[in-house]
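See structure below.
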Amino acid sequence: MRTYKIVSMCGSGIATSSHIATSIKNGLENMGLPIEVSACGVKDIVTKIGQFHPDIIVHTMSLESVDTSKLSKIKTMNGLPFLTGVGKDKLLNDMKEYLETLR
């Protein structure tokens with residue numbers, strides 16, 4: 001089974017994206033998926049995409065400032081449920097369902 005890759009992105013790439021990355025990793029590993037998660041800030045996302053080749057980008061801020069040509073084939077999901085707890089399980093299930101289509 002392949003290892004799926006997810007980038008967690010916030011404004012600075014420090015606390016919020018790291019918290020979300022841990023939640024994603026724990027949640028999807030508990031669902032039986034091999035997962036690798038990396039955190040970054042919005043200013044680093046294009047470089048991170050080139051180096052990490054993520055299957056999903058989970059973001060907590062607008063992607064308006066990001067070169068959308070770099071995002072064209074990458075699924076993006078709003079990570080707010082990982083901060084509020086509201087809808088977290090649904091988002092994890094949605095992520096799992098999407099990743100399983102990539103096998």
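No hydrogens, no waters, no symmetry mates; every other heavy atom, side chains included, goes into these values.
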For a quick test of your reading: what N or O donor-acceptor pairs under 3.5 Å do the side chains of residues 77-86 make, sequence neighbours left out?
residue : atom : partner : partner atom : Å
Asn78   : OD1  : Leu80   : N            : 2.8
Thr84   : OG1  : Val86   : N            : 3.1

According to side-chain hydrogen bond (donor to acceptor under 3.5 Å, both in side chains), does anything in residues 41-52 pair up with another residue at least two apart or in another chain? List the pairs.
Ser38-Lys48

According to salt bridge (Lys or Arg N to Asp or Glu O under 4.0 Å), does anything in residues 76-89 pair up with another residue at least two apart or in another chain? List the pairs.
none

Can you name the nearest heavy-atom pair linking Ser17 to Ser8, along with the distance?
O-OG, 2.8 Å

How far does OG1 of Thr76 sit from CD1 of Ile45, to the nearest 0.5 angstrom?
10.5 Å

Hey, any chance Ile6 and Phe52 share a hydrophobic cluster, counting ILVMFWY side chains that come within less than 4.5 Å of each other, even indirectly?
no

For residues 14-23, the salt bridge (Lys or Arg N to Asp or Glu O under 4.0 Å) pairs (sequence neighbours left out) are none

Can you list everything that forms a side-chain contact (heavy atoms from CB on, under 4.5 Å) with Ser18? Sequence neighbours excluded, please.
Ala39

Heavy-atom side-chain proximity of Met95 to Lys75 below 4.5 angstrom
no

Salt bridge (Lys or Arg N to Asp or Glu O under 4.0 Å) contacts touching residues 9-20 (sequence neighbours left out):
none

Are side-chain heavy atoms of Ile49 and Val7 found at a separation under 4.5 Å?
no

Close side-chain approach of Ile20 and Cys10, heavy atoms under 4.5 Å
no

Under the side-chain hydrogen bond (donor to acceptor under 3.5 Å, both in side chains) test, which residues partner Asp94, sequence neighbours left out?
Lys90

Side chains of Arg2 and Leu102, heavy atoms from C-beta outward: is any pair under 4.5 Å?
yes

When every non-hydrogen atom of Leu99 is compared with those of Tyr4, the smallest separation belongs to O-CE2, 3.2 Å

Within one Ile-Leu-Val-Met-Phe-Trp-Tyr cluster: Met61 and Val46, side-chain cutoff 4.5 Å
yes

Please give the remaining members of the hydrophobic cluster of Ile14, linking ILVMFWY side chains under 4.5 Å, ordered by chain and number.
none

Only distances under 3.5 Å count here; give the side-chain donor-acceptor pairs of residues 24-34 to other protein atoms, sequence neighbours excluded, each with its distance to 0.1 Å.
residue : atom : partner : partner atom : Å
Lys25   : NZ   : Glu29   : OE2          : 2.7
Lys25   : NZ   : Ile35   : O            : 3.2
Asn26   : ND2  : Thr22   : O            : 3.3
Asn30   : ND2  : Asn26   : O            : 3.1

Between Asp55 (side chain only) and Lys5 (backbone N and O only), is there a donor and an acceptor less than 3.5 Å apart?
yes

So which atom in Ser23 and which in Leu92 form the shortest heavy-atom distance, rounded to 0.1 Å?
O-CD2, 4.4 Å

